[in-house]
Amino acid sequence: MSFATVVDVLAGKVAVGEQVTVRGWVRTRRDSKAGISFINIHDGSCFDPIQAVVPNELDNYESEVLKLTTGASVAITGTVAESAGKGQAYELQATKVEVYGLVEDPDTYPMSPKPHSMEYLREYAHLRPRTNVTGAVMRVRNCLAQAVHRFFHERGYMWVSTPILTASDAEGAGEMFRVSTLDMMNLPLTEQGAVDYSKDFFGKESFLTVSGQLNVETFACALSKVYTFGPTFRAENSNTSRHLAEFWMVEPELAFADLNDIADLAEDMLKYCINAVLEERADDMAFFQQRIDKTVLDRLQQIVSNKFVHMDYSEAVEILQNCGKKFDYAVEWGTDLQSEHERYLAEEHVGAPIVLKNYPKDIKAFYMRQNDDGKTVAAMDILAPGIGEIIGGSAREERLDRLDARMQEMGLPMEHYSWYRDLRRYGTVPHAGFGLGFERLVTYVTGMTNIRDVIPFPRAPKNLEF
RNA sequence: UCCCCAGUAGCUCAGUUGGUUAGAGCGGUGGACUGUUAAUCCAUGUGUCGUUGGUUCGAAUCCAACCUGGGGAGCCA
């Protein structure tokens, strides 16, 4: 007996007439008094389920087959046949139905075969992978993740696993989650009455990382082309459809590179990943196009076939000031752009992803390379229509005197960054990198509206189930 | 964290100028029919009306606080 996945059978990889066993979960069962039941089985290998045609002559037809409901798990053995019905090229003429597990109360099985709201599905994060929408999201997510690794691998980048536990706030990127093994009911105190972290596990304060960037920079300054791809954590009290407390970030870092190099790298990477999804997950994308976002395929096609628009921050400010549109917040050189401004630029002015470059230094992080004008830094954001900032990057300040000056201006504790400063003291090189919020990419590519629906188990303020 | 909105059956929602027995569709179940596929047709049930407190003769309905969710904002990726 040989086993086959649903995708292999539906794709015709199993010859007609051959006997195989398919294992999975029941999506629907329809009975015909002509003496057969149609059972649709999904196993996650592709969007479509396979139809098994089950004759009532089977021994367990009455006792088990007729008890199969949505969610039951089965192994169905049968002969692959060209389907007599519409809707699928191949089906399984069942000769044996083995039941792993029935659904104990079909009436209250949470994933009933009907449309559910995304909010409802979120409450069943352990069962929602069985739904069309979550299954499709996770296949696309996987496709994107694999494409990220492939993209960098093909270009000679090395994947560096940067640490999750850290001592320093990398860039003031956000509030950090504290990690501690101290007894919270009985905290050791210093003579001054502060918590004595020298008694803690690491002998000092420790946190979950907010970014792998500073760590990965050290490897860029030795291995030249590197990236990190892993989870990051922000303890911000952000309650939006675009933020998570735990999310994955792709952060390439490239030595001997400037801002334009990584802007191009970012554009190439996005196009590569989107092309991968269009090629490998056409079935899932057809579903998103039909049920989730009627514009998603057009949008993705446009991205892969057009050059991104580059624009300096200063130019964007001028455009916003002269566009004649009324904004809730005034646009002024030197302030950060508001969501409404970013949305206008990406959605109305350009209608495609836009690369904004050379921001005022005062609204950006300390490590960003200072431009010769004395006012701006070599930073860039890529803004995507419908979702806003999807990528943020910069050239890094490689000149020690400039870096120190900036850190002093911003009041950063120099001693925490000694190793970071060493990179500038010993054989410094120009380098640049960016960060891509992976879930934002998945959101954008699928057309989903809430980022909590594109990660298996979303973590957000007041939300840590499962 | 701020502003706005919502929370009633397994799910999606209607209802309520405070008043006996709380409504529909879908799902489930039973039946009919059918190479069906969001099947169709007939029958059928279901409720701490988010939680706690208050006002009242009486609260699902009014008020307050809280919890949870949604939309927007801020922070960012």
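To find a chain, count down the sequence lines: A is the first, B the second, and so on, and within it residues start at 1.
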Exercise. With a 4.0 Å cut-off on heavy atoms, is A:Y444 in touch with a base, just the backbone sugar-phosphate, or nothing at all?
Worked result: nothing
Exercise. Stems in RNA chain B: runs of 3 or more consecutive Watson-Crick or G-U pairs, distances under 3.5 Å?
Worked result: B:1-7 with B:67-73, B:10-13 with B:23-26, B:28-32 with B:40-44, B:50-54 with B:62-66
Exercise. Taking atom P of B:G74 as reference, at what distance in whole Å does atom CD of A:E389 sit?
Worked result: 12 Å
Exercise. Side chain of A:R440, base of B:C76: donor and acceptor closer than 3.5 Å?
Worked result: yes
Exercise. When all nucleic acid strands are considered with a 4.0 Å heavy-atom cut-off, which category describes A:H116: base, sugar-phosphate, or nothing?
Worked result: sugar-phosphate
For this session: Name the nucleic acid region contacted by A:I391, choosing base, sugar-phosphate or nothing; use a 4.0 angstrom heavy-atom cut-off, strictly under.
Result: sugar-phosphate
Seminar exercise, completed: Its contact letters, B for base, S for sugar-phosphate only and - for none at protein heavy atoms under 4.0 Å, make nucleotides 27-32 of chain B read BSS--S
Exercise. Is it true that A:F229 and A:F438 have ring centroids separated by less than 6.0 Å?
Worked result: yes
Exercise. Would you say A:R343 reaches B:A73's phosphate, i.e. side-chain N/O to OP1/OP2 under 4.0 Å?
Worked result: yes
For this session: Determine the Euclidean distance between corresponding C1' atoms of B:C49 and B:G28; express it in Å to zero decimal places.
Result: 22 Å
For this session: Mind checking A:S117 for me? I need base, sugar-phosphate or nothing, with any heavy atom below 4.0 Å counting as a touch.
Result: sugar-phosphate
Problem set entry | C1' gap between B:A73 and B:G45, integer Å | 46 Å
Exercise. Can you find a side chain N or O atom of A:S37 that sits less than 4.0 Å from OP1 or OP2 on B:U36?
Worked result: no
Exercise. Hey, does A:Q93 reach any base, or is it just sugar-phosphate, or nothing, if we go heavy atoms under 4.0 Å?
Worked result: base
Exercise. Which part of the nucleic acid, if any, lies within contact of A:E119, taking any heavy atom under 4.0 Å across all strands shown: a base, the sugar-phosphate backbone alone, or nothing?
Worked result: sugar-phosphate
For this session: State whether A:N463 places a side-chain N or O below 4.0 Å from either non-bridging phosphate oxygen (OP1 or OP2) of B:G69.
Result: yes
For this session: May I ask you to verify if any side-chain N or O of A:N450 is less than 4.0 angstrom from the OP1 or OP2 atom of B:G70?
Result: yes
Seminar exercise, completed: Those residues at least two apart in sequence (or on a different chain) that pass side chain to side chain contact (heavy atoms under 4.5 Å, CB included) with A:M111 are A:Y109, A:Y120, A:L121, A:Y124, A:L127, A:T131
Exercise. Under 4.0 angstrom, heavy atoms only, what part of the nucleic acid is A:E123 near: base, sugar-phosphate, or nothing?
Worked result: nothing
Exercise. Quick one: is B:G74 close enough that its OP1 or OP2 comes under 4.0 Å of any side-chain N or O from A:Q338?
Worked result: yes
Problem set entry | Rounded interatomic separation in angstrom, taking CG from A:N239 and C1' from B:C75 | 11 Å
